[in-house]
Number of protein chains: 2
Amino acid sequence: MATEKNTTRDRILEATLNLLQAGGGGGVRMSDIASTVGISRQALYLHFPNRADLLVAASRHVDDKNDIEGRLVPSRTAKTGRERLAAWIGAFGNYIPIIHGVAKALLAMKDTDTAAMTAWNDRMQAVRQGCAAAVDALEADGDLFDGLTSEEATDWLWMLVSVRNWEHLCRECGWSQARYIEVMQQTAARTLIAR
Amino acid sequence: MATEKNTTRDRILEATLNLLQAGGGGGVRMSDIASTVGISRQALYLHFPNRADLLVAASRHVDDKNDIEGRLVPSRTAKTGRERLAAWIGAFGNYIPIIHGVAKALLAMKDTDTAAMTAWNDRMQAVRQGCAAAVDALEADGDLFDGLTSEEATDWLWMLVSVRNWEHLCRECGWSQARYIEVMQQTAARTLIAR
DNA sequence: GTGTCAACTTGACACTATGTCAAGTGACGT
DNA sequence: ACGTCACTTGACATAGTGTCAAGTTGACAC
């Protein structure tokens with residue numbers, strides 16, 4: 001799956017991801033990453049100018065490793081709006097646990113670090129595109145609930161599939177991943193599809 | 001409304017709330033609070049052992065000032081489950097903007113500071129109680145959608161009314177407070193009430 | 001007046017984590 | 001032999017929290 005390049009840069013990214021995944025996204029320091037890779041803390045700064053850039057690079061690295069494009073094929077090729085909505089929620093919802101570590105770390109930096117904020121916003125804007133596409137497909141079928149504008153429906157779906165909400169249900173409330181996907185699909189259908 | 005006690009302690013809490021409200025919950029330092037009150041930074045530690053305790057006290061102070069109990073009366077006295085659900089979402093949803101500053105600051109500390117985490121969890125557990133009461137009322141009327149257990153319905157409603165989701169729609173997407181309440185009520189009704 | 005107590009001030013310091021700077025080492029290619 | 005690249009070592013700046021010790025000030029008691 002991964003094209004293990006084994007350069008120091010890639011080893012740094014791998015170590016970062018492992019630590020973030022293990023530590024639940026919190027409290028991973030530059031020195032932790034360095035010692036895991038087996039290099040000095042300062043050597044990290046030869047590869048990444050700062051912590052925010054390292055985290056952003058790590059999040060792109062996850063996408064590369066996990067065939068983000070392939071995951072979206074079922075959503076893009078869905079025949080109906082309803083199918084597209086379910087496929088989108090399935091695809092993105094199942095991707096969340098994979099990026100969760102990095103996402104949480106970036107999310108935590110968002111409030112203090114402007115670089116981290118822009119990077120996170122960029123990524124989230126892409127998610128909004130996915131939501132908009134699903135809403136548009138529903139609307140094209142005449143299936144969109146008329147109590148919401150398509151803009152509102154997009155914002156709402158974007159909120160529904162947020163990392164925070166996944167964290168809430170799957171981590172804090174102990175839901176299984178499968179049940180999370182089921183309920184989110186059901187919820188979205190009941191709220192967004194006209195009766 | 002507030003019983004302006006004007007002790008140093010109260011002036012600290014007021015200043016903290018004002019700064020958090022103004023600064024959007026981020027980047028308020030102990031020294032900022034001290035200089036706003038007009039005392040030395042060290043004097044803060046004569047009243048509160050640390051930043052987490054100060055924030056927690058500030059959040060309790062908000063409750064005292066804003067008649068949290070009174071706000072819940074319409075929800076508790078609702079005649080039907082449907083009414084109770086709408087009243088609860090209205091009451092809590094309209095309280096979020098008031099506590100938002102403090103909530104965000106506490107939320108940011110949650111990942112690093114265990115004291116902040118327990119305090120926040122306590123408060124959120126109370127919110128879950130409110131959600132559970134609304135779900136129970138629906139169930140008592142036989143109106144609860146049978147695709148969800150009552151536990152699941154509670155978790156889901158708890159997620160729906162989270163501070164993060166309010167932030168997402170009202171701050172990031174620019175929804176009005178009134179529209180936020182409307183759509184959340186609609187969403188909850190469509191998802192939780194049997195057809 | 002004198003004593004004392006509480007609230008507050010001033011200033012120094014420890015700690016943690018990020019990020020910077022400068023000088024040095026060791027392997028590898030030519 | 002020479003340079004260069006990737007890395008090391010160690011010192012240092014900065015920001016913010018929290019701690020410690022030694023004052024100051026004002027009110028109240030006697």
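We name chains A, B, ... by the order of the sequence lines, and we start the count at 1 in each one. The structure presented is a predicted model; accordingly, all values stated were derived computationally and were not measured.
Spacing between atom CZ of Arg29(B) and atom P of dG16(D) amounts to 4 Å, rounded to whole angstrom units. Between the C1' atom of dT16(C) and the CG atom of Asp32(A) lies a distance of 12 Å, rounded to the nearest Å. Remark: C1' of dG19(C) and CG of Leu55(A) are 15 Å apart, rounded to the nearest angstrom. Whole-Å rounding puts the Leu54(B) CG to dG16(D) C1' distance at 15 Å. For Arg9(A) and dC5(D), the CZ to C1' distance is 17 Å, given to the nearest whole Å. In this structure, Ile39(B) atom CD1 and dA6(C) atom P are separated by 18 Å, rounded to whole Å.
Judged as a side-chain hydrogen bond (donor to acceptor under 3.5 Å, both in side chains), not a single pair has a partner in residues 133-142 of chain A (not counting sequence neighbours).
Qualifying side-chain hydrogen bond (donor to acceptor under 3.5 Å, both in side chains) partners for Glu69(B), counting only residues two or more places apart in sequence or in other chains: Arg76(B). Applying the side-chain hydrogen bond (donor to acceptor under 3.5 Å, both in side chains) test to Thr191(A) and every residue at least two apart in sequence or in another chain returns Thr191(B). Under the rule for a side-chain hydrogen bond (donor to acceptor under 3.5 Å, both in side chains), the partners of His61(A) that lie at least two apart in sequence or sit in another chain are Glu14(A). By the salt bridge (Lys or Arg N to Asp or Glu O under 4.0 Å) test, Glu172(B) pairs with Lys110(A), sequence neighbours left out. For Arg71(A), there are no salt bridge (Lys or Arg N to Asp or Glu O under 4.0 Å) partners at least two apart in sequence or on another chain. Judged as a salt bridge (Lys or Arg N to Asp or Glu O under 4.0 Å), and not counting sequence neighbours, the contacts of Arg29(A) are Asp32(A). For Glu151(B), the side-chain hydrogen bond (donor to acceptor under 3.5 Å, both in side chains) partners are Arg128(B), not counting sequence neighbours.
A side-chain N or O of Thr7(A) and one of Asp10(A) form a donor-acceptor pair less than 3.5 Å apart.
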B/S/- contact track for nucleotides 9-14 of chain D, protein heavy atom under 4.0 Å:
BBB---
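Using a 4.0 Å cut-off on heavy atoms, the residues of residues 44-51 of chain A that approach DNA chain D are Leu46(A), His47(A), listed by number. Sorted by residue number, the list of members of residues 102-117 of chain B with any non-hydrogen atom under 4.0 Å from DNA chain C is empty.
For the pair Arg190(B) and Phe145(A), the cation sits on the ring face: its NZ or CZ lies under 6.0 Å from the ring centre, inside 45° of the axis.
One finds no side-chain N or O of Thr8(A) lying less than 4.0 angstrom from the OP1 or OP2 phosphate oxygen of dA6(D).
In a base pair of the Watson-Crick type (N1 to N3 plus N6-O4 or O6-N4) or a G-U wobble (N1-O2 and O6-N3), with each distance short of 3.5 Å, dC30(D) is matched with dG1(C).
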Check: residues 93-105 of chain B side-chain donor-acceptor pairs under 3.5 Å, at least two apart:
unit_1	atom_1	unit_2	atom_2	d
Asn94(B)	OD1	Gln177(B)	NE2	2.9
Asn94(B)	ND2	Gly90(B)	O	3.1
Tyr95(B)	OH	Asp63(B)	N	3.4
Tyr95(B)	OH	Asp63(B)	OD1	2.4
His100(B)	NE2	Glu167(B)	OE2	3.1

